[in-house]
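One-based numbering along the sequence shown. Small disclaimer: the values here were computed from a predicted structure and weren't measured. The figures here come from the full heavy-atom set of this structure, side chains too, leaving out hydrogens, waters and symmetry mates.
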Amino acid sequence: MKERPSYDQYFMEMAYVVAKRSTCLRRKVGAILVKDKHILSTGYNGAPKGLKHCSEVGCIREKQNVSSGERHELCRGLHAEQNAIIQAAVFGTSIKDSVLYCTNTPCIVCVKMLINAGVNEIIFSGDYPDDLAKKMLGESKIKIRNLKKLLS
């Protein structure tokens, strides 16, 4: 009999399923905002609603040889964390005191949004190269955990 997953494993696995909807050509990311063991909102990285996706028109960052973790403004897409925050706002759901499960550590833009939105904790699995994001998270009250390290 297979062992029942912990809540952290359960929600992180869902974040990976959400990431499958991503239309980014470079990195597929999924995010889930959870409170009291209930999903509030989900998001994956991709272009705004109704606009062509990078999978259709190509990647600006790839064409300009922009390194991962740099020049976030040179991208058609929103990050998974941003889409999860926006989805919650559209449907009138407060994410204050929630937990973010994300397939990667957030970038600096997402970190600033998560801090101001009142997210309590970030649980991630993969890394993203953004030193300023890590520094600001260290200064914030947000708890951050690497689920991959906890499970290995």
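Considering only heavy atoms from C-beta on, Glu81 stays 4.5 Å or farther from Met113 through its side chain. The side-chain heavy atoms of His79 and Val29, taken from C-beta on, include no pair separated by under 4.5 Å. Leu40 places none of its side-chain heavy atoms less than 4.5 Å from the side chain of Phe91. No side-chain heavy atom of Glu13 sits less than 4.5 Å from a side-chain heavy atom of Tyr16. A heavy-atom distance below 4.5 Å is found between the side chains of Asp97 and Lys35. Counting heavy atoms from C-beta outward, Arg71 and Ile60 have side chains that stay 4.5 Å or more apart. Counting only heavy atoms from C-beta outward, the side chains of Ile115 and Ile142 approach each other to under 4.5 Å. The shortest side-chain heavy-atom distance between Lys112 and Asn116 does not fall under the 4.5 Å cut-off.
We find the CD-CD distance between Gln64 and Glu70 to be 12.5 Å, quoted to the nearest 0.5 Å. Taken from OG1 in Thr103 to CE in Met14, the straight-line distance is 15.0 Å, to the nearest 0.5 Å. The line from OG1 of Thr105 to CD1 of Ile144 is 6.5 Å long, rounded to the nearest 0.5 Å. Atom CG of residue Leu137 and atom CD1 of residue Ile122 lie 4.5 Å apart, to the nearest 0.5 angstrom. Between the CD atom in Gln9 and the CD1 atom in Ile123 there is a gap of 11.0 Å [rounded to 0.5 Å]. Note: Ser41 OG to Ile32 CD1 = 9.0 Å, rounded to the nearest 0.5 Å.
Ring geometry for Tyr7 versus Tyr10: interplanar angle over 60°, hence perpendicular rather than tilted (30 to 60°).
Side-chain atoms of Asn45 never come within 3.5 Å of backbone atoms of Gly77 as a donor-acceptor pair (strictly under, hydrogens ignored). Using modelled atom types, one side-chain atom of Lys28 and one backbone atom of Ser22 make a donor-acceptor pair closer than 3.5 Å.
Under the 4.5 Å side-chain heavy-atom criterion for ILVMFWY residues, a single connected hydrophobic cluster contains both Ile85 and Val119. Clustering ILVMFWY residues whenever any of their side-chain heavy atoms sit less than 4.5 angstrom apart, transitively, puts Tyr128 in a cluster other than the one holding Phe124. Under a hydrophobic clustering in which Ile, Leu, Val, Met, Phe, Trp and Tyr are joined whenever their side-chain heavy atoms come within less than 4.5 Å, directly or via other members, Leu100 and Ile86 fall into different clusters. Residues Val17 and Ile39 do not share a hydrophobic cluster, defined by chaining ILVMFWY side chains whose heavy atoms lie under 4.5 Å apart. Both Val34 and Met12 belong to a single network of hydrophobic side chains, linked directly or stepwise wherever heavy atoms of I, L, V, M, F, W or Y lie under 4.5 Å apart.
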Check: Which is it for Thr42 and Arg21 under the side-chain contact (heavy atoms from CB on, under 4.5 Å) test, yes or no, and what are the steps along the way?
Finding: CA-CA 11 Å; Thr42 67; Arg21 292 276 309 149; over 6 Å; no
Check: After noting the C-alpha distance and the side-chain angles of Glu62 and Leu25, does the key distance pass the side-chain contact (heavy atoms from CB on, under 4.5 Å) rule?
Finding: CA-CA 9 Å; Glu62 196 68 36; Leu25 300 174; over 6 Å; no
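Shown here for Ala47 and Thr23, the closest heavy-atom pair between the two residues is N-OG1, 4.1 Å. Arg61 and Ser67 make their closest contact through NH2-O, 3.2 Å (heavy atoms, listed as atom of the first residue, atom of the second, distance). Smallest separation of non-hydrogen atoms from Lys134 and Asp127: NZ-OD1, 3.1 Å. The minimum heavy-atom distance linking Gly43 with Val18 is given by the pair O-CG1, 3.2 Å. Nearest heavy-atom pair, Leu147 versus Asp8, reported as atom, atom and distance to 0.1 Å: CD2-O, 3.5 Å. When all heavy atoms of Asn83 and Tyr44 are compared, the closest pair comes out as ND2-O, 2.8 Å.
When Cys110, Pro106, Cys107 are each tested for a side chain to side chain contact (heavy atoms under 4.5 Å, CB included) with Asp130, only one passes: Cys107.
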